[in-house]
Undergrad: 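One structure, as C-alpha coordinates, below. Some questions next.
Each chain gets a letter, A, B and so on, in the order the sequences are listed, and its residues count up from 1. Since this is a predicted model, take the numbers as computed values, not measurements.
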There are 2 protein chains.
Amino acid sequence: MESTQDIVKKISDAGLKITPQRVTVLQMLCKLKNHPTADELFAEVSQILPGLSPTTIYNTLDTFVEKGLIKRVKTDADVMRYDAITDHHHHLYCAVSDRMEDYFDPELDRILSDYFNKKQISGFSVSDIRLQLMGDFNENNKN
Amino acid sequence: MESTQDIVKKISDAGLKITPQRVTVLQMLCKLKNHPTADELFAEVSQILPGLSPTTIYNTLDTFVEKGLIKRVKTDADVMRYDAITDHHHHLYCAVSDRMEDYFDPELDRILSDYFNKKQISGFSVSDIRLQLMGDFNENNKN
DNA sequence: AAGTTAGTTTGTAATATTTACAATTTAGAA
DNA sequence: TTCTAAATTGTAAATATTACAAACTAACTT
(Lines give C-alpha, C1' and ligand atoms only; values in the text may rest on other atoms or scores of the structure.)
Protein backbone atom coordinates (compact mmCIF):
# COMPACT_ATOMS: atom_id res chain seq x y z
CA MET A 1 0.00 0.00 0.00
CA GLU A 2 1.23 3.42 -0.89
CA SER A 3 0.91 6.10 1.74
CA THR A 4 -0.17 9.59 0.81
CA GLN A 5 3.38 10.69 1.48
CA ASP A 6 4.71 8.21 -1.06
CA ILE A 7 2.19 9.47 -3.57
CA VAL A 8 3.15 13.07 -2.92
CA LYS A 9 6.81 12.23 -3.25
CA LYS A 10 6.26 10.49 -6.56
CA ILE A 11 4.45 13.48 -8.01
CA SER A 12 7.00 15.87 -6.63
CA ASP A 13 9.94 13.82 -7.89
CA ALA A 14 8.40 14.01 -11.34
CA GLY A 15 8.77 17.79 -11.14
CA LEU A 16 5.05 18.41 -10.82
CA LYS A 17 3.19 20.59 -8.39
CA ILE A 18 1.26 18.90 -5.65
CA THR A 19 -2.47 19.39 -6.04
CA PRO A 20 -5.37 17.59 -4.38
CA GLN A 21 -6.50 16.47 -7.82
CA ARG A 22 -3.21 14.87 -8.70
CA VAL A 23 -2.73 13.24 -5.34
CA THR A 24 -6.23 11.81 -5.34
CA VAL A 25 -6.05 10.56 -8.91
CA LEU A 26 -2.76 8.77 -8.36
CA GLN A 27 -3.91 7.37 -5.06
CA MET A 28 -7.10 6.06 -6.62
CA LEU A 29 -5.18 4.55 -9.48
CA CYS A 30 -2.96 2.70 -7.02
CA LYS A 31 -5.95 1.52 -5.05
CA LEU A 32 -8.07 0.33 -7.97
CA LYS A 33 -6.65 -2.85 -9.35
CA ASN A 34 -8.92 -3.05 -12.35
CA HIS A 35 -7.18 -0.72 -14.79
CA PRO A 36 -9.88 1.91 -14.77
CA THR A 37 -10.85 4.11 -17.67
CA ALA A 38 -10.68 7.89 -17.47
CA ASP A 39 -14.41 7.87 -16.93
CA GLU A 40 -14.28 5.43 -14.06
CA LEU A 41 -11.56 7.46 -12.42
CA PHE A 42 -13.61 10.59 -12.85
CA ALA A 43 -16.51 8.93 -11.04
CA GLU A 44 -14.35 7.71 -8.17
CA VAL A 45 -12.29 10.83 -7.69
CA SER A 46 -15.35 13.04 -7.96
CA GLN A 47 -16.70 11.47 -4.79
CA ILE A 48 -13.65 12.68 -2.94
CA LEU A 49 -13.29 15.96 -4.79
CA PRO A 50 -16.74 17.19 -5.78
CA GLY A 51 -16.68 19.69 -8.63
CA LEU A 52 -13.84 17.93 -10.35
CA SER A 53 -13.73 18.54 -14.07
CA PRO A 54 -13.45 15.66 -16.52
CA THR A 55 -10.83 17.69 -18.32
CA THR A 56 -8.66 17.54 -15.23
CA ILE A 57 -8.78 13.76 -15.30
CA TYR A 58 -7.57 13.72 -18.89
CA ASN A 59 -4.95 16.36 -18.24
CA THR A 60 -3.71 14.65 -15.12
CA LEU A 61 -3.52 11.22 -16.72
CA ASP A 62 -1.71 12.60 -19.75
CA THR A 63 0.78 14.37 -17.53
CA PHE A 64 1.36 11.26 -15.43
CA VAL A 65 1.90 9.12 -18.51
CA GLU A 66 4.33 11.69 -19.86
CA LYS A 67 6.31 11.63 -16.62
CA GLY A 68 6.21 7.85 -16.45
CA LEU A 69 4.17 7.70 -13.26
CA ILE A 70 1.50 5.58 -14.87
CA LYS A 71 1.00 3.63 -18.05
CA ARG A 72 -1.63 3.48 -20.70
CA VAL A 73 -3.10 0.12 -21.46
CA LYS A 74 -5.39 -0.85 -24.25
CA THR A 75 -7.34 -3.99 -24.76
CA ASP A 76 -8.85 -5.05 -28.03
CA ALA A 77 -12.27 -4.12 -26.81
CA ASP A 78 -12.78 -0.57 -25.82
CA VAL A 79 -11.40 2.66 -24.48
CA MET A 80 -8.08 3.55 -22.99
CA ARG A 81 -7.25 2.22 -19.57
CA TYR A 82 -4.65 3.28 -17.04
CA ASP A 83 -2.33 1.43 -14.76
CA ALA A 84 -0.44 2.81 -11.80
CA ILE A 85 1.91 -0.12 -11.69
CA THR A 86 4.96 0.78 -13.68
CA ASP A 87 7.03 -2.16 -12.58
CA HIS A 88 7.48 -4.41 -15.53
CA HIS A 89 4.52 -6.68 -15.84
CA HIS A 90 2.13 -8.21 -18.30
CA HIS A 91 -1.62 -8.50 -18.60
CA LEU A 92 -4.15 -11.27 -18.41
CA TYR A 93 -7.15 -10.33 -20.45
CA CYS A 94 -10.50 -11.93 -21.09
CA ALA A 95 -12.26 -10.49 -24.10
CA VAL A 96 -15.62 -11.90 -23.08
CA SER A 97 -15.79 -10.23 -19.69
CA ASP A 98 -13.44 -7.42 -20.70
CA ARG A 99 -11.64 -8.06 -17.45
CA MET A 100 -7.94 -7.38 -17.12
CA GLU A 101 -5.42 -8.28 -14.45
CA ASP A 102 -1.76 -7.75 -13.95
CA TYR A 103 0.64 -10.63 -14.36
CA PHE A 104 4.14 -10.62 -12.93
CA ASP A 105 6.64 -13.23 -14.02
CA PRO A 106 10.34 -12.41 -13.57
CA GLU A 107 11.35 -15.82 -14.89
CA LEU A 108 9.49 -15.20 -18.13
CA ASP A 109 10.97 -11.72 -18.34
CA ARG A 110 14.44 -13.20 -18.09
CA ILE A 111 13.73 -15.70 -20.84
CA LEU A 112 12.35 -13.01 -23.10
CA SER A 113 15.11 -10.49 -22.57
CA ASP A 114 17.72 -13.22 -23.11
CA TYR A 115 15.93 -14.15 -26.28
CA PHE A 116 15.85 -10.64 -27.69
CA ASN A 117 19.41 -9.96 -26.65
CA LYS A 118 20.52 -12.80 -28.87
CA LYS A 119 18.02 -12.24 -31.64
CA GLN A 120 18.15 -8.87 -33.30
CA ILE A 121 15.13 -7.70 -35.26
CA SER A 122 16.31 -5.95 -38.40
CA GLY A 123 15.20 -2.33 -38.51
CA PHE A 124 13.85 -2.26 -34.98
CA SER A 125 15.35 -1.87 -31.55
CA VAL A 126 13.31 -3.27 -28.69
CA SER A 127 13.02 -1.26 -25.51
CA ASP A 128 10.13 -2.99 -23.80
CA ILE A 129 8.39 -6.33 -24.09
CA ARG A 130 4.72 -6.53 -23.22
CA LEU A 131 2.63 -9.65 -23.22
CA GLN A 132 -1.09 -9.80 -23.36
CA LEU A 133 -2.27 -13.24 -22.33
CA MET A 134 -5.71 -13.78 -23.76
CA GLY A 135 -7.95 -16.31 -22.12
CA ASP A 136 -10.56 -16.93 -19.47
CA PHE A 137 -10.66 -16.22 -15.80
CA ASN A 138 -11.90 -19.21 -13.89
CA GLU A 139 -15.07 -18.30 -12.05
CA ASN A 140 -13.58 -18.63 -8.57
CA ASN A 141 -11.10 -15.83 -8.89
CA LYS A 142 -13.23 -12.69 -8.85
CA ASN A 143 -10.71 -10.40 -7.14
CA MET B 1 -0.87 -11.47 -52.48
CA GLU B 2 -4.45 -12.51 -52.16
CA SER B 3 -6.51 -12.71 -55.31
CA THR B 4 -10.07 -11.46 -55.37
CA GLN B 5 -11.15 -15.07 -55.57
CA ASP B 6 -9.32 -15.90 -52.35
CA ILE B 7 -11.00 -12.95 -50.69
CA VAL B 8 -14.41 -14.02 -51.93
CA LYS B 9 -13.81 -17.54 -50.74
CA LYS B 10 -12.79 -16.37 -47.29
CA ILE B 11 -15.95 -14.33 -46.89
CA SER B 12 -18.09 -17.08 -48.25
CA ASP B 13 -16.48 -19.72 -46.05
CA ALA B 14 -17.33 -17.57 -43.06
CA GLY B 15 -20.99 -17.95 -44.00
CA LEU B 16 -21.37 -14.36 -45.12
CA LYS B 17 -22.92 -12.97 -48.25
CA ILE B 18 -20.61 -11.62 -50.90
CA THR B 19 -21.01 -7.90 -51.33
CA PRO B 20 -18.78 -5.38 -53.08
CA GLN B 21 -18.36 -3.59 -49.76
CA ARG B 22 -17.12 -6.65 -47.95
CA VAL B 23 -14.84 -7.78 -50.73
CA THR B 24 -13.31 -4.35 -51.08
CA VAL B 25 -12.84 -3.84 -47.36
CA LEU B 26 -11.11 -7.17 -46.87
CA GLN B 27 -9.01 -6.69 -49.96
CA MET B 28 -7.92 -3.25 -48.79
CA LEU B 29 -7.11 -4.59 -45.36
CA CYS B 30 -4.90 -7.25 -46.91
CA LYS B 31 -3.22 -4.70 -49.12
CA LEU B 32 -2.57 -2.05 -46.47
CA LYS B 33 0.19 -3.18 -44.18
CA ASN B 34 -0.15 -0.39 -41.68
CA HIS B 35 -3.01 -1.64 -39.53
CA PRO B 36 -5.44 1.02 -40.64
CA THR B 37 -8.17 2.55 -38.53
CA ALA B 38 -11.83 2.38 -39.50
CA ASP B 39 -11.54 5.93 -40.69
CA GLU B 40 -8.55 5.23 -42.92
CA LEU B 41 -10.32 2.25 -44.38
CA PHE B 42 -13.39 4.34 -45.04
CA ALA B 43 -11.27 6.84 -46.96
CA GLU B 44 -9.56 4.16 -49.04
CA VAL B 45 -12.60 2.05 -49.77
CA SER B 46 -14.70 5.11 -50.58
CA GLN B 47 -12.43 5.82 -53.53
CA ILE B 48 -13.35 2.45 -54.99
CA LEU B 49 -16.96 2.46 -53.83
CA PRO B 50 -18.24 6.04 -53.80
CA GLY B 51 -21.27 6.52 -51.62
CA LEU B 52 -20.03 4.07 -49.06
CA SER B 53 -21.42 4.68 -45.61
CA PRO B 54 -19.12 4.88 -42.59
CA THR B 55 -21.59 2.67 -40.81
CA THR B 56 -20.90 -0.06 -43.32
CA ILE B 57 -17.22 0.06 -42.46
CA TYR B 58 -17.97 -0.43 -38.79
CA ASN B 59 -20.54 -3.13 -39.47
CA THR B 60 -18.26 -4.94 -41.86
CA LEU B 61 -15.25 -4.81 -39.56
CA ASP B 62 -17.29 -6.01 -36.60
CA THR B 63 -18.67 -8.88 -38.63
CA PHE B 64 -15.21 -9.85 -39.87
CA VAL B 65 -13.80 -9.79 -36.36
CA GLU B 66 -16.69 -11.91 -35.16
CA LYS B 67 -16.03 -14.47 -37.87
CA GLY B 68 -12.30 -14.41 -37.23
CA LEU B 69 -11.40 -13.03 -40.65
CA ILE B 70 -9.56 -10.08 -39.17
CA LYS B 71 -8.30 -8.97 -35.79
CA ARG B 72 -8.59 -5.87 -33.73
CA VAL B 73 -5.39 -4.29 -32.55
CA LYS B 74 -4.92 -1.47 -30.14
CA THR B 75 -1.84 0.51 -29.40
CA ASP B 76 -1.34 2.67 -26.36
CA ALA B 77 -1.87 5.76 -28.43
CA ASP B 78 -5.14 6.06 -30.17
CA VAL B 79 -8.10 4.44 -31.82
CA MET B 80 -8.81 0.89 -32.78
CA ARG B 81 -6.86 -0.62 -35.62
CA TYR B 82 -7.50 -3.65 -37.76
CA ASP B 83 -5.32 -6.38 -39.10
CA ALA B 84 -6.16 -8.82 -41.87
CA ILE B 85 -3.40 -11.17 -40.86
CA THR B 86 -4.85 -13.74 -38.57
CA ASP B 87 -1.85 -16.04 -38.56
CA HIS B 88 -0.32 -15.93 -35.16
CA HIS B 89 2.02 -12.99 -34.96
CA HIS B 90 3.14 -10.16 -32.74
CA HIS B 91 3.55 -6.44 -33.14
CA LEU B 92 6.43 -4.05 -33.26
CA TYR B 93 5.26 -0.67 -32.09
CA CYS B 94 6.88 2.73 -31.80
CA ALA B 95 4.95 5.07 -29.55
CA VAL B 96 6.72 8.14 -30.91
CA SER B 97 5.76 7.64 -34.53
CA ASP B 98 2.69 5.55 -33.69
CA ARG B 99 3.88 3.15 -36.30
CA MET B 100 3.09 -0.54 -36.04
CA GLU B 101 4.37 -3.55 -37.91
CA ASP B 102 3.79 -7.24 -37.79
CA TYR B 103 6.37 -9.53 -36.33
CA PHE B 104 6.47 -13.26 -37.01
CA ASP B 105 8.66 -15.51 -34.92
CA PRO B 106 7.73 -19.22 -34.78
CA GLU B 107 10.76 -19.98 -32.63
CA LEU B 108 9.60 -17.51 -30.02
CA ASP B 109 6.07 -18.87 -30.24
CA ARG B 110 7.38 -22.35 -29.49
CA ILE B 111 9.33 -21.10 -26.47
CA LEU B 112 6.31 -19.25 -25.14
CA SER B 113 3.81 -22.04 -25.61
CA ASP B 114 6.24 -24.50 -24.01
CA TYR B 115 6.62 -22.13 -21.12
CA PHE B 116 2.91 -21.72 -20.52
CA ASN B 117 2.26 -25.40 -20.96
CA LYS B 118 4.54 -26.08 -18.01
CA LYS B 119 3.58 -23.05 -15.96
CA GLN B 120 -0.06 -22.79 -15.02
CA ILE B 121 -1.43 -19.41 -13.99
CA SER B 122 -3.82 -19.89 -11.13
CA GLY B 123 -7.31 -18.74 -11.95
CA PHE B 124 -6.63 -18.14 -15.60
CA SER B 125 -6.40 -20.31 -18.67
CA VAL B 126 -4.36 -18.93 -21.55
CA SER B 127 -5.70 -19.28 -25.07
CA ASP B 128 -3.52 -16.83 -26.94
CA ILE B 129 -0.21 -15.10 -26.35
CA ARG B 130 0.35 -11.68 -27.88
CA LEU B 131 3.51 -9.68 -27.65
CA GLN B 132 3.84 -5.99 -28.23
CA LEU B 133 7.47 -5.10 -28.73
CA MET B 134 7.91 -1.45 -27.92
CA GLY B 135 10.84 0.40 -29.38
CA ASP B 136 12.12 2.40 -32.31
CA PHE B 137 12.15 1.75 -36.00
CA ASN B 138 15.52 2.52 -37.46
CA GLU B 139 15.16 5.24 -40.05
CA ASN B 140 16.10 3.06 -43.01
CA ASN B 141 13.15 0.72 -42.76
CA LYS B 142 10.21 2.81 -43.91
CA ASN B 143 8.13 -0.05 -45.35
C1' DA C 1 3.85 36.33 5.89
C1' DA C 2 2.54 38.54 1.40
C1' DG C 3 3.42 39.00 -3.46
C1' DT C 4 4.34 36.97 -7.79
C1' DT C 5 4.13 33.88 -11.44
C1' DA C 6 4.14 29.79 -13.83
C1' DG C 7 1.65 25.93 -13.72
C1' DT C 8 -2.99 23.88 -12.85
C1' DT C 9 -7.88 23.43 -12.91
C1' DT C 10 -12.24 24.48 -14.63
C1' DG C 11 -16.13 24.84 -17.89
C1' DT C 12 -17.74 25.30 -22.27
C1' DA C 13 -17.67 23.99 -26.68
C1' DA C 14 -15.80 21.48 -30.43
C1' DT C 15 -14.10 17.32 -32.49
C1' DA C 16 -13.65 12.53 -33.25
C1' DT C 17 -15.13 7.97 -32.85
C1' DT C 18 -18.56 4.69 -32.55
C1' DT C 19 -23.31 2.93 -32.11
C1' DA C 20 -28.55 2.77 -32.76
C1' DC C 21 -32.07 2.31 -35.71
C1' DA C 22 -35.44 2.56 -39.40
C1' DA C 23 -35.76 2.55 -44.34
C1' DT C 24 -33.99 0.88 -48.53
C1' DT C 25 -31.54 -2.23 -51.23
C1' DT C 26 -29.40 -6.57 -52.55
C1' DA C 27 -27.39 -11.47 -52.57
C1' DG C 28 -28.47 -15.77 -53.19
C1' DA C 29 -31.78 -19.56 -52.42
C1' DA C 30 -36.11 -21.50 -54.13
C1' DT D 1 -37.77 -14.71 -61.72
C1' DT D 2 -39.43 -14.17 -57.14
C1' DC D 3 -38.79 -14.04 -52.37
C1' DT D 4 -36.62 -13.36 -48.02
C1' DA D 5 -33.18 -12.78 -44.91
C1' DA D 6 -29.26 -10.27 -44.71
C1' DA D 7 -26.67 -6.13 -45.79
C1' DT D 8 -26.20 -1.23 -46.61
C1' DT D 9 -27.39 3.40 -46.05
C1' DG D 10 -28.20 7.85 -43.74
C1' DT D 11 -29.50 10.31 -39.96
C1' DA D 12 -29.06 11.11 -35.44
C1' DA D 13 -27.44 10.10 -30.95
C1' DA D 14 -24.07 8.48 -27.62
C1' DT D 15 -19.51 8.32 -26.07
C1' DA D 16 -14.74 9.62 -25.62
C1' DT D 17 -11.45 13.03 -26.04
C1' DT D 18 -9.32 17.57 -26.98
C1' DA D 19 -9.01 22.81 -27.43
C1' DC D 20 -8.94 26.84 -25.23
C1' DA D 21 -9.64 30.91 -22.41
C1' DA D 22 -10.59 32.35 -17.77
C1' DA D 23 -10.00 31.61 -12.96
C1' DC D 24 -7.37 29.78 -9.47
C1' DT D 25 -3.43 28.02 -6.69
C1' DA D 26 1.21 25.88 -5.36
C1' DA D 27 5.28 27.15 -4.19
C1' DC D 28 9.12 30.25 -4.98
C1' DT D 29 10.90 34.86 -3.72
C1' DT D 30 11.40 38.58 -0.89
Undergrad: For the residue pair B:L131 and B:L112, what are the closest heavy atoms and their distance?
TA: CD1-CD1, 3.3 Å
Undergrad: Below 4.0 angstrom from OP1 or OP2 of C:dT9, is there any side-chain N or O of A:R22?
TA: yes
Undergrad: Check whether any side-chain nitrogen or oxygen of A:Q21 sits under 4.0 Å from OP1 or OP2 of D:dT25, and answer yes or no.
TA: no
Undergrad: Atom CD of A:E40 to atom P of D:dT15: distance rounded to whole Å?
TA: 14 Å
Undergrad: Find the distance B:F42:CZ to C:dA16:P and express it as a whole number of Å.
TA: 14 Å
Undergrad: Rounded to the nearest 0.5 Å, how far does CZ of A:F124 lie from CG of B:N138?
TA: 9.0 Å
Undergrad: For the pair made of CG in A:L41 and C1' in D:dT17, what is the distance, rounded to whole Å?
TA: 15 Å
Undergrad: Given A:H90, which of A:D102, A:D109, A:D105 fulfils the side chain to side chain donor-acceptor pair (under 3.5 Å) condition?
TA: A:D109
Undergrad: Give the rounded distance in Å between these two atoms: CG of B:L52 and P of D:dG10.
TA: 9 Å
Undergrad: Looking at residues at least two apart in the chain, or sitting in another chain, which of them share a side-chain hydrogen bond (donor to acceptor under 3.5 Å, both in side chains) with A:K9?
TA: A:D13
Undergrad: Could you write nucleotides 19-27 of chain C as a row of B, S and -, 5' to 3', where a protein heavy atom under 4.0 Å of any base atom gives B, of only sugar-phosphate atoms gives S, and otherwise -?
TA: BBB-----B
Undergrad: Kindly give the heavy-atom pair with the smallest separation between B:L49 and B:Q21, and that separation in Å.
TA: CD1-CA, 3.6 Å
Undergrad: Give the rounded distance in Å between these two atoms: CG of A:L16 and C1' of D:dA27.
TA: 13 Å
Undergrad: Expressed as a whole number of angstroms, how long is the span from A:D39:CG to C:dT17:C1'?
TA: 15 Å
Undergrad: Going by an N to O cut-off under 4.0 Å, is there a salt bridge joining A:K31 and A:E44?
TA: no
Undergrad: Rounded to the Å, how far apart are B:L49 CG and D:dA7 P?
TA: 17 Å
Undergrad: Using OP1 and OP2 only, check whether a side-chain N or O of B:S53 sits under 4.0 Å from D:dT8.
TA: no
